[in-house]
Amino acid sequence: MKIDDEVLKKIKSAKTAFALTGAGSSAPSGIPTFRGSNGFWTDKTPFDVEEFNKNPQKVWEWHCEIREMIKKKAPNPSHFALANMQTVFRNFVVVTQNIDNLHQKAGSNRVIELHGNIYRNKCNDCGKIFGEINSKKIPECDKCGGLIRPDVVWFGEPLPYDALIKARAYAESSELCFVVGTSGVVQPAASIPLISKEKGAFVIEINREKTVLSEYVDYSIFGDAAVILPELYERLL
Ligand code: NAD
Ligand code: ZN
C-alpha cells in the first residue's frame, strides 16, 4: 500500500477517530454489495414500506433469506483491523450502514448501526423490539397483534434517531474519519464524512474505486479494504 508520509503523520497525531463503513467492508466476507454486479439485491427489491403493506409475507421471507445468507459469513481482515483501531484511538467508533453484525463479531465494542440489524425485529404497529425469529410465517406481536418486521431501514424510511444523533456527534468531535467501502450515495449516511470535514477532521477514504465522496475527502486509498486496513493498522503501531 502506498501512503504519503505526511498522511501517515496526520493519522498518527490524531487522538480521536471513527470509521463510516458500507457494504464494501463486508464484500470480502462474501456478502454482495448493494450496487455490485452479481445482482443479489437488484433482482429482489421488495424492501420498502409499500411492498411490505402489499405483501408482508413475501417481504418477511426475503429478509429471512438474506439473514440466512449473512449468517454463514464471517468477519474479514477489514473488520478485524477496525476492531484493532480501538487500541490506537481513544473511544474509536464504527458507524456502519451494514446490517450484518460483522463489526460486532470481529470485536468492535462501539458500533452505531445507521440502517438497523438483520437479526433484530420490531412490531410494525407498536414498535416492540424482538430478537431473531426463526419462523417461515410472518409472526405477530404478542403485545398488540401487529405484524413483526425486520428492524432494518428500508428505502424512504428515516434513520433511527439515536443512531443518527450519536453518529453526528462523533463526526463533529473526531480528528480523523475513515470512510470505508461506501459508495457515498445513500443519504443521510453519506453526509457524515462531510460533517467531519467541515469541523476540521482529516477524512480518508478507502474504496476499491473512485466515489462521489472522493473529491471532498482529504485523501483516498484505492484498493481492497481487507488488504488496506490491516496494512494501515500495522503502520500505526
Ligand atoms: P454500495 O453497495 O452502494 O457500495 C459499496 C461500495 O463498496 C462501493 O463504492 C464499492 O466500490 C466498494 N467496495 C466493494 N468492495 C470493496 C472492497 N473489497 N474494498 C473496498 N471497497 C469496496 O453500499 P453502501 O454504500 O453501503 O449502501 C448500500 C446500503 O444497502 C447499505 O447502506 C445497507 O443498508 C444495505 N446493504 C448492507 C449490506 C451488509 O450489511 N453487508 C450489504 C449490501 C447492502
Ligand atoms: Zn406490537
Side-chain angles (χ1 to χ4, degrees), residues 1 19-42 44-45 47-48 63 66-67 69-79 81-82 94-106 111 113-130 139-155 157 159-160 163 167 178-193 204-214 217 220-232:
M1 174 190 69
L20 171 72
T21 67
S25 68
S26 290
S29 294
I31 300 176
T33 61
F34 191 67
R35 289 165 186 79
S37 54
N38 84 2
F40 180 82
W41 307 85
T42 41
K44 304 169 183 181
T45 47
F47 57 144
D48 63 17
H63 283 82
I66 291 189
R67 190 191 62 223
M69 179 273 289
I70 283 175
K71 207 181 264 180
K72 295 189 191 105
K73 310 298 184 191
N76 67 66
S78 82
H79 295 111
L82 287 174
V94 176
V95 177
T96 190
Q97 300 165 83
N98 297 339
I99 56 173
D100 56 27
N101 219 33
L102 290 182
H103 287 299
Q104 292 92 329
K105 274 193 179 166
V111 180
E113 294 172 325
L114 292 179
H115 293 168
N117 187 306
I118 191 75
Y119 294 102
R120 206 170 49 231
N121 294 286
K122 67 178 179 190
C123 172
N124 195 44
D125 291 347
C126 75
K128 182 177 172 184
I129 296 290
F130 298 85
E140 286 173 7
C141 174
D142 58 0
K143 189 174 159 199
C144 76
L147 290 176
I148 294 177
R149 55 163 278 184
D151 191 9
V152 298
V153 176
W154 289 331
F155 285 123
E157 289 192 303
L159 270 59
F178 296 102
V179 187
V180 183
T182 181
S183 56
V185 298
V186 180
Q187 290 292 359
S191 66
I192 286 171
I204 305 169
E205 170 184 56
I206 294 139
N207 200 298
R208 243 177 14 188
E209 56 194 35
K210 215 165 171 250
T211 71
V212 291
L213 290 174
S214 301
V217 302
S220 294
I221 307 176
F222 295 113
D224 183 353
V227 175
I228 307 275
L229 280 170
E231 272 187 52
L232 190 58

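Start at 1 and go down the list; that is how both ligands and their atoms are numbered.
At a heavy-atom cutoff of 4.0 Å, ligand 1 is contacted by both the backbone and the side chain of Ser183. Residue contacts with ligand 1, taken as heavy atom pairs separated by less than 4.0 Å, involve Ala225 via backbone and side-chain atoms alike. Counting heavy atoms closer than 4.0 Å to ligand 1, residue Asp224 contributes atoms from both its backbone and its side chain.
Annotation for ligand 1: atoms under 4.0 Å from non-hydrogen atoms of Glu209 are 11 (O). When each atom of ligand 1 is checked for a heavy atom of Ala23 under 4.0 Å away, the hits are 2 (O), 23 (O), 24 (P), 26 (O), 42 (C), 43 (C). With ligand atoms numbered from 1 in the order given, ligand 1 contributes 39 (C), 40 (O), 41 (N) to contacts under 4.0 Å with heavy atoms of Asp100. If you number the atoms of ligand 1 from 1 as listed, the ones under 4.0 Å from a heavy atom of Gly223 come out as 19 (N), 20 (C). When each atom of ligand 1 is checked for a heavy atom of Ala27 under 4.0 Å away, the hits are 15 (N). Ligand 1 places these atoms under 4.0 Å from at least one heavy atom of Gly22: 26 (O). Heavy-atom contacts of Val186 reach the following atoms of ligand 1: 27 (O) (cutoff under 4.0 Å). Those atoms of ligand 1 with a heavy atom of Ser26 less than 4.0 angstrom away are 41 (N).
A salt bridge does not link Lys105 to Asp100: none of the charged nitrogens lies less than 4.0 Å from a carboxylate oxygen.
On a distance-only criterion, Ile31 and ligand 1 share no N/O pair closer than 3.5 Å. Ligand 1 has no N or O atom lying under 3.5 Å from any N or O atom of Gly184, backbone or side chain. The N/O atoms of Gly181, backbone and side chain alike, include one that comes under 3.5 Å of an N/O atom in ligand 1. Where the criterion is an N or O separation shorter than 3.5 Å, residue side chain and backbone included, Pro32 fails it with respect to ligand 1.
Classification of the Trp154-His63 ring pair by plane angle, with boundaries at 30° and 60°, yields tilted.
Nearest-residue assignment for atom 20 (C) of ligand 1 (options Lys210, Arg208, Gln97, Glu205; heavy-atom criterion): Arg208. Ranked by closest heavy atom to atom 10 (C) of ligand 1, the top entry among Thr33, Asn76, Asn207 is Asn207.
Side-chain contact between Val179 and Thr211 is absent, with no heavy atoms from C-beta onward closer than 4.5 Å. Under the 4.5 Å side-chain criterion, counting only non-hydrogen atoms from C-beta, Lys128 is not in contact with Cys144. Side-chain atoms of Val153 and Pro160, non-hydrogen and from C-beta on, do get closer than 4.5 Å to each other. The side-chain heavy atoms of Leu20 and Leu114, taken from C-beta on, include a pair separated by under 4.5 Å. Between Asn76 and His79, some side-chain heavy-atom pair lies under the 4.5 Å cut-off. Put simply, the side chain of Phe130 reaches to within 4.5 Å of the side chain of Asp142, judged on heavy atoms.
Put simply, part of Pro28 is less than 4.0 Å from ligand 1, judged by heavy atoms. Taking 4.0 Å as the cut-off, Gly116 does not count as a neighbour of ligand 1 on heavy-atom distance. Ligand 1 has no atom lying under 4.0 Å from any heavy atom of Ser29.
Applying the salt bridge (charged side-chain N to carboxylate O under 4.0 Å, His left out) test to residues at least two apart or on different chains, the pairs with a partner in residues 144-155 are Arg120-Asp151, Lys122-Asp151, Arg149-Glu157.
Residue Leu82 holds its CG atom at 7.0 Å from OG of Ser25, rounded to the nearest 0.5 Å. Note that the CD atom of Glu113 and the CG atom of Leu159 stand 11.5 Å from one another [nearest 0.5 Å]. The CD1 atom of Ile228 lies 11.0 Å from the OG atom of Ser78; values are rounded to the nearest 0.5 Å.
The closest donor-acceptor contact from the side chain of Asn98 to the backbone of Ala23 lies under 3.5 Å.
Rounded to 10 degrees, the SG-metal-SG angle spanning Cys126 and Cys123 at the Zn ion (ligand 2) equals 110°.
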